[in-house]
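See structure below.
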There are 2 protein chains.
Amino acid sequence: MGDHAGMKGIQRAELARRTGCNLETVRYYEKVGLLPEPPRTASGYRSYNSTHERRLRFVLRARELGFSLDEIRELLRLVDERDRPCAEARDVAAVHLADVRAKIADLRRMERVLEDVVAQCGDGTLPECPLIETLFQERTVN
Amino acid sequence: MGDHAGMKGIQRAELARRTGCNLETVRYYEKVGLLPEPPRTASGYRSYNSTHERRLRFVLRARELGFSLDEIRELLRLVDERDRPCAEARDVAAVHLADVRAKIADLRRMERVLEDVVAQCGDGTLPECPLIETLFQERTVN
DNA sequence: GTGCAGTCTGTAGCAACTACAGAGTCAAGA
DNA sequence: TCTTGACTCTGTAGTTGCTACAGACTGCAC
C-alpha cells in the first residue's frame with residue numbers, strides 16, 4: 001500500500017491481520033511495555049503507524065526464535081540505545097542459544113525413553129504394560 | 001514413627017524428602033486429583049503410606065518424561081482400571097512422543113538461526129548488528 | 001512452659017498469552 | 001433516521017504447573 005504519509009492510522013485488527021499476531025496479544029505486549037502505547041483517535045481508538053508495525057514484527061520474530069519477553073525487552077533496549085549494541089545483543093542470543101540446546105538435550109532424553117517404551121509395548125496386547133512398569137520404576141534413566 | 005506394618009503414616013515433609021518432590025507440589029497434586037487425599041491424624045495431619053509414595057513416584061517419573069498432568073491422569077486411570085491398559089497407554093505415549101519430536105524440530109530451527117546470527121556477530125564490533133537486522137526482517141526462515 | 005519445627009488452609013504470584021463481559025463507536029443499508 | 005453489525009474499548013479471569021507466602025494450629029524436646 002501507499003506509504004509516504006500513507007499508513008498513518010491503522011487500527012488494531014488491521015495490524016493484527018498484517019502481522020499475523022492475535023489481537024489480544026498486541027494489547028498484551030503494550031501492557032507489559034514491549035510495544036509503545038500508540039496515539040488515540042478522538043474517541044479513544046488506537047492508531048498505529050509503520051514504526052509500530054515494524055516493532056511488533058521484531059517482537060514476533062524474536063518469539064519465533066524462542067526469546068523470552070524479558071530477553072526481547074533487552075534486545076529492544078539495545079536497538080533504541082544504538083550505542084554499539086552488537087556485542088551485548090550477541091551475548092543475549094548466545095545465552096539463549098545455550099538454553100535452547102539444553103532444552104533439546106532434555107527432549108532428546110525423553111524421546112529416547114519414549115521411543116523405547118512405545119516399541120516395547122508393541123501391539124498393546126502384553127498383560128504387563130512396559131510403559132506403566134517403567135513409570136513405576138525408580139529412575140532407570142539418566 | 002514406628003508402625004508395625006512398616007511405613008504407615010509418614011508425613012508430608014518425609015514424603016517430599018524421600019521422593020525429592022517439593023512439599024507444596026505434593027499438595028498441589030492432591031488438589032488437582034493426581035494423588036488421592038491421604039487419611040488424616042486426629043489433629044488433621046496427612047498420613048501417607050507406601051502406596052501414596054509409589055503413586056507419587058509414578059507422577060514424578062512421568063513428568064520427567066514430559067507428560068502433561070492431563071496425560072498422567074489418563075495413564076493413572078489406565079493403571080487403576082487394569083483392563084488391558086497397554087494399548088491405550090502406548091497410544092498416550094505415542095502422541096506425546098510426536099509432541100516431543102515436534103518440539104525438538106522447533107528448537108532445532110531456532111538453534112540453527114541462533115548459531116548463525118551469533119557467528120555473524122563475531123566479536124560484536126560490527127556497526128550494524130546482524131542479529132538485530134535479522135529480527136527486523138520478515139520471516140527469512142521456515 | 002516455652003521455643004521451634006512441622007503442619008494446616010487459602011490465596012497470590014510466575015510466563016505468555018487467550019477469552020470473555022459489558023459498554024461505547026462507526027459506517028452502511030432500509 | 002434508525003438500525004444493524006462489526007469493530008473498539010476496559011478490566012478481569014482462565015490456562016499450565018507449579019512455588020511462595022500469611023496466619024493459625026500442633027507436637028515434641030528441653
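Across D:dC9, C:dA16, C:dT9, the shortest atom-to-atom separation from the side chain of B:Arg40 is found for C:dT9. Of the candidates D:dC7, D:dT19, C:dT11, C:dT11 carries the atom nearest the B:Lys31 side chain, counting heavy atoms from C-beta on. In this structure, the nucleotide among C:dC8, C:dA16, D:dT19 sitting nearest to the side chain of A:Tyr28 is C:dA16.
The 5' end of DNA chain C is approached more closely, in terms of each residue's nearest nucleotide, by B:Arg27 than by the other of B:Arg27 and A:Asp70. Along DNA chain D, the nucleotide closest to B:Arg63 and the one closest to B:Glu24 are compared, and the more 5′ of them pairs with B:Arg63.
Checked by distance alone, B:Tyr45 brings no side-chain donor or acceptor within 3.5 Å of a matching partner on the base of D:dG27. Interface remark: the A:Glu14 side chain does not form any donor-acceptor pair with the D:dC7 base, using a distance-only criterion of under 3.5 Å. Checked by distance alone, B:Tyr29 brings no side-chain donor or acceptor within 3.5 Å of a matching partner on the base of D:dG17.
Regarding B:Glu64, its CD atom lies at a distance of 16 Å from the C1' atom of D:dC18, rounded to whole Å. With rounding to whole Å, A:Leu69 atom CG is found 11 Å from C:dT18 atom P. Between the CZ atom of A:Arg17 and the P atom of D:dC7 there is a distance of 12 Å, given to the nearest Å. Between the P atom of D:dT26 and the CZ atom of B:Arg46 lies a distance of 15 Å, rounded to the nearest Å. Atom P of nucleotide D:dC7 and atom OH of A:Tyr48 are separated by 16 Å, given to the nearest angstrom. Rounded to an integer number of Å, the gap from CZ of B:Arg12 to C1' of C:dT7 is 7 Å.
Remark: B:Arg40 fails to qualify as a cation-pi partner of B:Tyr45 under the 6.0 Å distance and 45° angle criteria applied to the six-membered ring.
In summary, B:Asp80 and B:Arg55 engage in a salt bridge, as defined by a charged side-chain N under 4.0 Å from a carboxylate O. Ion pair B:Arg112/B:Glu115 not flagged as a salt bridge, since none of the NZ, NE, NH1 or NH2 atoms sits closer than 4.0 Å to an Asp/Glu carboxylate oxygen.
Qualifying salt bridge (Lys or Arg N to Asp or Glu O under 4.0 Å) partners for A:Arg12, counting only residues two or more places apart in sequence or in other chains: none.
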